[in-house]
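Values below: all heavy atoms of this structure, side chains included; hydrogens, waters and symmetry mates excluded. By convention here, the first residue in the shown sequence is residue 1.
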Amino acid sequence: MTAVDEAWRRLTAWAPEPVLEQLRRAARGEPTAWALSLYHWERGMDLAAPAALPFLVALVRDPDRPNREELLSVLVHLVGVARQEAAERHAPGWAAAWREHRTALEPLLDDPDPEVRRTALYLVERAAPLLARIPEEPEPWLRIRQLRRLGEVADPAVDAARALLTDTLHRATGPDAAAHRLAALWGLAALDAAEPERWAERWVAAVLDPAAPAAVERLWSEPGDDHPAALDREVAWTGHGLPPRLTTHLCARLARAAADAGRHELCAAALEAGWRPLLDLPSTGPLWLATAGALLSSPAPEVRYWATAFLAVLGRAAAPYADALHALLDDADSGDEFLDGSVGDQAHWALARTGDPRALPGLVWRLTAPEREAGRGYDTGGPRRPEPYDALLPLHEHAAVLRPQVAEWAREGESHAWPHHHPGVRLLAAWDGTAEGPKPPADPEAAARGLLRTPPVRRSYEDPAPYLLGTRAVAELSRRGPLSPGVRAAAEHALSLDRRLSWLGDYRAVLDDERLREVLRGALRGEAVTVPPLSHLSELDFELGH
């Protein structure tokens, strides 16, 4: 408790009350809001979390606690955050505390309450307790989830998990067999994530099984669920349970197979599942190019929408499909009211990304259309119409054609919302080379070597300084003479990572990654380089402290 209090004193004023008092309230069974105190959306996990963890574990293990469900939700949230971000940097000691106490949560798999057993699945990180529990589980809907989780946590070198999943795959019978086979294949694919081709064909065949939709709706839904499970939504959420590169291999193959079979809802779901890995991992782009190009002629508008969005992200690599994209410029459909813009909007941007001049007429007017609308809602991490500044910035080769359109856009906006810093004005300055760049770091050698601290996987709330400041430093040093061996090694390290060199989480990560990588490559070639302007930042980005 003293450790918790000491950590709490270092927190900022947004906390509602000391964590010690919140723990006491939780122990008395009273409602608390302390989940918000151990984790904050802006700063991530807090310093008090490691010290509070053993108390939280002890409380959720008490079966008679009236606020047990609430406390379990807090624990699941904290563990999920720790898996997604660099928790140890924000809350030193979390990793050791979690290793010490995580096995104490495994008995929750045998809890009489099936909802507690379901929640415990997200906390279990070893195969042994699942192997013991699955044969005893009386709830069919829960057994499905356990099979999937088993493949995610099992060691590929241990045969017991593989044997149980394989036995389920081959021996499943009856009306629910399709759902059991699909769950077993889901687990086997996760188990062999390093060999994505091993189970890909079987997984695709199981998804396309005509009996799968009904079996999934019947067996993967929890009792009394007002929103029954649907196969296409389960596929769309594939990336939330499987490693991103494995998701890409499975879903790229499924998209083509589903299109050939006329299962357009599954084709669109496969594309949706592959979207996030495409934004995060540069290596996944080539796996999608031919598939997205082939799907441009799909009869389903939602499939065409996703396919054009994929090609927009792929940029110049999509040049072989320029004619097909040009044919879609007037396609006003999207197939889904929740997707921002139309097929034609995405095709227009994709064609512009290839550098094709056929995209230039009316491009600025089309890109600025959202500004003239009453409003729009979209998931910023999903496909959407880009900010005009982002889409036009790389088209400096066509500035002579686009400049009058951009100037008109800037004049319209300067009178009210953007009196001095309208994106159009900044865009013209960037094209002219008169935009003010960031000041070079005081010690460029040290800042450039900071590229070695770039994490191999993009994390939530990670510090952008290593790669953003580091790339600026490399550019500054490239203009002073040959790079030192240490700086060269740091730049080569950053380029070797299969991740985006950007702290942004949507299409802008791809655009900035391309620019930053080109700077590093040019410096390694011995060129004197400068960091070009990067993507448009929204107010939300600044609020997040980035």
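With respect to Glu125 and Arg83, a salt bridge is recorded, a charged nitrogen being found less than 4.0 Å from a carboxylate O. Between Glu265 and Arg263, at least one side-chain N (NZ, or NE/NH1/NH2) sits under 4.0 Å from a carboxylate O, which counts as a salt bridge. Between Asp62 and Arg68 no salt bridge is recorded (no basic side-chain N to carboxylate O distance below 4.0 Å). Ionic pairing of Arg276 and Asp280 is present here: one or more N-O contacts between side-chain nitrogen and carboxylate oxygen are shorter than 4.0 angstrom. Ion pairing of Arg233 with Glu272 is present here, as a side-chain N (NZ or NE/NH1/NH2) and a carboxylate O approach within less than 4.0 Å.
In this structure, the side chains of Leu208 and Leu254 come closer than 4.5 Å at one or more pairs of heavy atoms. The shortest distance between side-chain heavy atoms of Arg245 and His249 falls below 4.5 Å.
No more than 12 heavy atoms of other residues, nucleotides or ligands shown are found within 6.0 angstrom of CD on Glu69. Counting non-hydrogen atoms of neighbouring residues, nucleotides and ligands closer than 6.0 angstrom, the CG atom of Asp260 exceeds 12 such neighbours.
Scanning both residues, Ala132 and Glu136, for their nearest heavy atoms gives O-CG, 3.7 Å.
Taking the ring centroids of Trp275 and Phe310, they lie under the 6.0 Å cut-off.
In terms of modelled atom types and a separation under 3.5 Å, the side chain of Thr284 and the main chain of Leu281 share a donor-acceptor contact.
Residues Ser502 and Asp513 have side chains that never bring a donor and an acceptor to within less than 3.5 angstrom of each other.
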